[in-house]
Amino acid sequence: MKYLNNKYWVGLVMLILAACDIDRSPYDSITADDLQSSESSAQSVTLGTYSRMKAWSDNWHRLYEYPSDNLALSGTTTDPLFFTYNYQRIPNGSRVAGFWRSSYQIIVGANKTIEALEEGASDANDQLLAENYYIRALMHFQLVNIFGRPYGQGRDNPGVPLKLDGDHLNHPTRSTVGEVYDQVEADLLKAASLFKEDKSNVYATKEAVWALLSRVYLYEEENAKAIEYADMVIDSGKFSLLATEKLADYTKLAPESNSETIFAIKFIPDADYASNGWYTVGSLYANIQGTGWGEMYASRPYLEMVREYPEDERYKFIKPVVVDESITWALYVDNANTYKWKEVTQSGEDYTYSENGQAKMLEKVSNGHGGYDYFVETSEGSKKVLIDKKLDLRNGFPKYYVLKCSGQEDQVHLWSPVISRLAEMYLNRAEANAKLGNTTLALDDVNLIRERAGIPEVGLYTMANLGDKSVLDAVLEERQLELAFEGHRKIDVFRNDRTMDRAYPGTHLAGNSPVSSVSPDDNAVIEYIPEAQLLVHEGLTQNP
């Protein structure tokens, strides 16, 4: 890959993890011989590789989360993130190109260390090798799920180039999806065999390896193995689910202080975001204390799911922006997928509104768990409403800020992206058990997550109260609720051969060719290979 030239090492000192107490001398002249002769040099380069993941995580989040049905953009933008959000791919978008470039830069950094260190020469060497094998596996795994079709659609589909050496002049062509998955598995199993230290959750650990293996096997539908590795993490005793009353503070905690986080990319207060977060992931989701664009909101379908039970603590990751507490709105969506509302007056559990000088009442329907759903009659038929105080609008979209990527250690948009956490392990196990027909075990894990979220007993699942849902439906809905805004939803939908339904308000429906649903076999499920890479990378083929 020609962009990975000798300048990779220039200024590497800026990439060293700021929180670590290490030598601050420049590393622009580090050679393979230096790495082989100095554990401290290899450690410093590894720390630099971790630090490079900070910039990588920005585009990673946008490419994985924005195409989901969790989000609704409230306007158009010249930022190429728009083309990922609305499934209108372009071959020269800077977000996709940046993700490709930084992923392979991280891989080459890991490879340099792997090549330089002799396995078994010392515990320190083996520990560094383990961490770098994990990093290399993680990057290839994230790449193949953006540029290659879901594993279940065929191992022989084109994947991404497997870069297994540190020579920036060596340009591999695309391996198949199956070959990439095989290498990811091999790297992770190798890493698991080499760990010598029990580090904190901002470093690769054997538990982080097990967690990623659980996900890899789940995507491959190697369900027994997905359960085996989820069990290994759960049974390690190293992690525990945050208490219900602390769940809403998940992203406010430093990752090392969070008992649930298995691996996160560490961001440091007052160091990583000098501008206090204007150009961060969280800044697009919310304006907090005057900082942030606040243009990408929680989608209407996600709002209806997370608000089904008032006790669900996960709704606290959403902030409706109220502008008048004295006015109550009943918000609904018309047939054109536009937000509408009625001003309503509350009397006990009833709501009335005025129409053509006449008082009318919202229809009240028991939701079966102690509360009510409300509906308004319109010329287009009955519409479900959400009851809120009068909200601020942007381009006609009510502002439902997302707070899950902001607020770490009381800094406005500081956020350490979580790669793996314990809740995912329970949900991996639940999905695998559902596919193996172990329905009781699957629902037990789903209910564990629902209970932790604060959902009352009446909202827990049994085989008798699933209605028209399958057990797998219940698992996937819980994955959406629990793992929203963490980069899982797009992959979860398409790898399960389901359609992404985006028939809800958002600017993805603007323009001449709006995309309101995406089938799992649609070409737009995967991104184009960056056009610039095709020009310089002989033998690299484009996605259809």
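For reference, positions follow the sequence shown, starting with 1. Bear in mind that the values here come from a model prediction, so they are computed numbers and not experimental data.
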Interatomic distance, CD1@Ile288 vs CG@Leu403, rounded to 0.5 Å, equals 5.5 Å
Inset, instruction - Please determine, by modelled atom types, if Arg101 and Asn59 share a side-chain donor-acceptor pair under 3.5 angstrom. - result: no
When rounded to the nearest 0.5 Å, the distance separating CG of Leu162 from CZ of Arg136 is 8.5 Å
Q) Just by distance, do the side chain of Glu115 and the backbone of Gly166 share a donor-acceptor pair under 3.5 Å? A) yes
>> I want to check something: taking the side chain as every heavy atom from C-beta on, are Tyr401 and Ile318 in contact at a cut-off of under 4.5 Å?
In response: no
Flag side-chain contact, heavy atom, 4.5 Å: Val202 against Glu256: yes
Salt bridge (charged side-chain N to carboxylate O under 4.0 Å, His left out) between Asp79 and Arg95, worked out:
CA-CA 8 Å; Asp79 191 308; Arg95 294 289 182 185; 2.7 Å; yes
- Answer yes if the side chains of Tyr203 and Glu197 hold a donor-acceptor pair under 3.5 Å, and no otherwise. no
For this session: Give a yes or no on whether the backbone of Phe147 and the side-chain of Asn543 come within a donor-acceptor separation of less than 3.5 Å.
Result: yes
* Any side-chain heavy-atom pair from Leu284 and Arg62 closer than 4.5 angstrom? -> yes
- Would you say the side-chain atoms of Ser57 pair up with the backbone N or O of Pro417, donor to acceptor, closer than 3.5 Å? no
*N/O donor-acceptor pair under 3.5 Å between Arg174 side chain and Gly159 backbone*: yes
- Query: For the residue pair Tyr217 and Tyr229, does the interplanar ring angle fall in the parallel (under 30°), tilted (30 to 60°) or perpendicular (over 60°) class?
  - Reply: tilted
Show, in sequence, the C-alpha distance, side-chain angles and deciding distance for Tyr181 and Phe141, and conclude whether the ring-ring contact (aromatic ring centres under 6.0 Å, His included) test is met. CA-CA 7 Å; Tyr181 267 77; Phe141 183 65; 5.7 Å; yes
Keeping the roles fixed (side chain from Tyr426, backbone from Val446), state whether a donor-acceptor pair exists under 3.5 Å. no
Verdict with reasoning, Val216 to Leu188, per side-chain contact (heavy atoms from CB on, under 4.5 Å): CA-CA 10 Å; Val216 170; Leu188 291 173; 4.2 Å; yes
### Message
For a quick check under 3.5 Å, do Gln142 and Ser103 share a side-chain donor-acceptor pair by atom type?
### Response
no
(Q) Between Gln105 and Ser102, is there a side-chain donor-acceptor contact under 3.5 Å, judged purely by atom types and distance? (A) no
Original post:
Any side-chain donor-acceptor pair under 3.5 Å between Asn496 and Lys435?
Top reply: yes
Consider only side-chain N and O atoms of Ser416 and Gln408, and report whether a donor and an acceptor are under 3.5 Å apart. yes
Exercise. Any chance the side chains of Trp415 and Thr280 put a donor and an acceptor closer than 3.5 Å?
Worked result: no
### Query
Does the ring centre of His61 sit less than 6.0 Å away from the ring centre of Tyr285?
yes
* Heavy-atom side-chain contact between Ser259 and Phe239 under 4.5 Å -> no
- Task: Report the C-alpha distance between Tyr219 and Tyr151 in whole Å, list the side-chain angles of each, state the deciding distance to 0.1 Å, and finish with yes or no for ring-ring contact (aromatic ring centres under 6.0 Å, His included).
- Result: CA-CA 7 Å; Tyr219 286 14; Tyr151 183 93; 9.5 Å; no
- Message: Under a 3.5 Å distance rule, please check whether Arg149 uses its side chain to pair with a backbone N or O of Pro520 as donor and acceptor.
- Response: yes
**OP:** Would you tell me whether Tyr250 and Thr261 have side-chain atoms, one donor and one acceptor, within less than 3.5 Å of each other?
**Re:** yes
TODO: May I ask you to check whether Tyr85 and His508 place their ring centers less than 6.0 Å from one another?
DONE: yes
Working note: Asp272 + Lys54, criterion salt bridge (charged side-chain N to carboxylate O under 4.0 Å, His left out); need CA distance, chi angles, decisive distance, verdict. CA-CA 9 Å; Asp272 286 317; Lys54 297 181 189 182; 3.0 Å; yes
When rounded to the nearest 0.5 Å, the distance separating CG of Asp249 from OG of Ser257 is 12.0 Å
Q) Quick one: do the Gln480 and Asp69 side chains pair a donor with an acceptor below 3.5 Å? A) yes
**Request:** Give the intermediate values and the outcome of ring-ring contact (aromatic ring centres under 6.0 Å, His included) for residues Phe263 and Tyr134.
**Result:** CA-CA 11 Å; Phe263 178 61; Tyr134 169 82; 5.4 Å; yes
Margin query: Main chain of Ile529, side chain of Gln542: is a donor-acceptor contact present, judged purely on distance under 3.5 Å?
Written below: yes
> Given the rule in the side-chain contact (heavy atoms from CB on, under 4.5 Å) test, do Thr113 and Leu129 qualify, once you have shown the distances and angles that lead to the verdict?
Replying inline: CA-CA 7 Å; Thr113 303; Leu129 284 168; 5.7 Å; no
For Lys252, I'd like to know if atom NZ has over 12 heavy atoms of other residues, nucleotides or ligands within 6.0 Å.
no
query = Any luck finding a side-chain donor-acceptor pair between Thr205 and Asp198 under 3.5 Å?
reply = no
Report task. For Gln153 and Asn157, test the side chains for any donor-to-acceptor distance below 3.5 angstrom and give the result as yes or no. Result -> no
- Is the backbone N or O of Lys163 less than 3.5 Å from a side-chain atom of Asn111, with the two atoms forming a donor-acceptor pair by type? yes
* To do: Would you kindly say whether Ser214 and Asn428 are connected by a side-chain donor-acceptor distance under 3.5 Å?
  => yes
Plane angle bin for Trp56 and Trp60 - parallel if under 30°, tilted between 30 and 60°, otherwise perpendicular: parallel
So, the side chain of Arg215 versus the backbone of Glu424: is there a donor-acceptor pair under 3.5 Å, distance only? no
Only one of Glu313, Glu477, Glu482, Glu478 passes salt bridge (charged side-chain N to carboxylate O under 4.0 Å, His left out) with Arg450, and that residue is Glu478
Pro255 and Phe267, any side-chain heavy atoms less than 4.5 Å apart
no
**Prompt:** Is a side-chain donor-acceptor pair under 3.5 Å present for Asp521 with Ser519?
**Reply:** yes
Could you tell me if Asn70 and Glu65 have a donor-acceptor pair between their side chains, going purely by distance under 3.5 Å? yes
- [ ] Evaluate salt bridge (charged side-chain N to carboxylate O under 4.0 Å, His left out) for Glu228 paired with Arg429, printing each intermediate quantity in order.
- [x] CA-CA 8 Å; Glu228 175 187 353; Arg429 192 167 71 178; over 6 Å; no
Q: Would you sort out whether Leu128 and Val45 count as a side-chain contact (heavy atoms from CB on, under 4.5 Å), showing the intermediate values?
A: CA-CA 10 Å; Leu128 289 172; Val45 170; over 6 Å; no
- Task: Look at Lys199 together with Glu131 and state whether they make a salt bridge at an N to O cut-off of under 4.0 Å.
- Result: yes
**Message:** Just so I know, are the side chains of Arg155 and Thr176 near enough to count as touching, which here means a heavy-atom distance under 4.5 Å?
**Reply:** no
Sorted by chain and number, sequence neighbours left out, ring-ring contact (aromatic ring centres under 6.0 Å, His included) with Tyr302 holds for Phe485
Do Lys190 and Glu119 touch side chain to side chain, with heavy atoms closer than 4.5 Å?
yes
Q) Have Ser283 and His413 got a donor and an acceptor in their side chains that come within less than 3.5 Å? A) no
Between Asn201 and Arg421, is a side chain to side chain donor-acceptor pair (under 3.5 Å) present by the stated rule, with each step listed? CA-CA 10 Å; Asn201 57 10; Arg421 63 184 176 99; over 6 Å; no
Check: Checking Arg89 side chain against Ile526 main chain: does a donor-acceptor pair fall under 3.5 Å?
Finding: yes
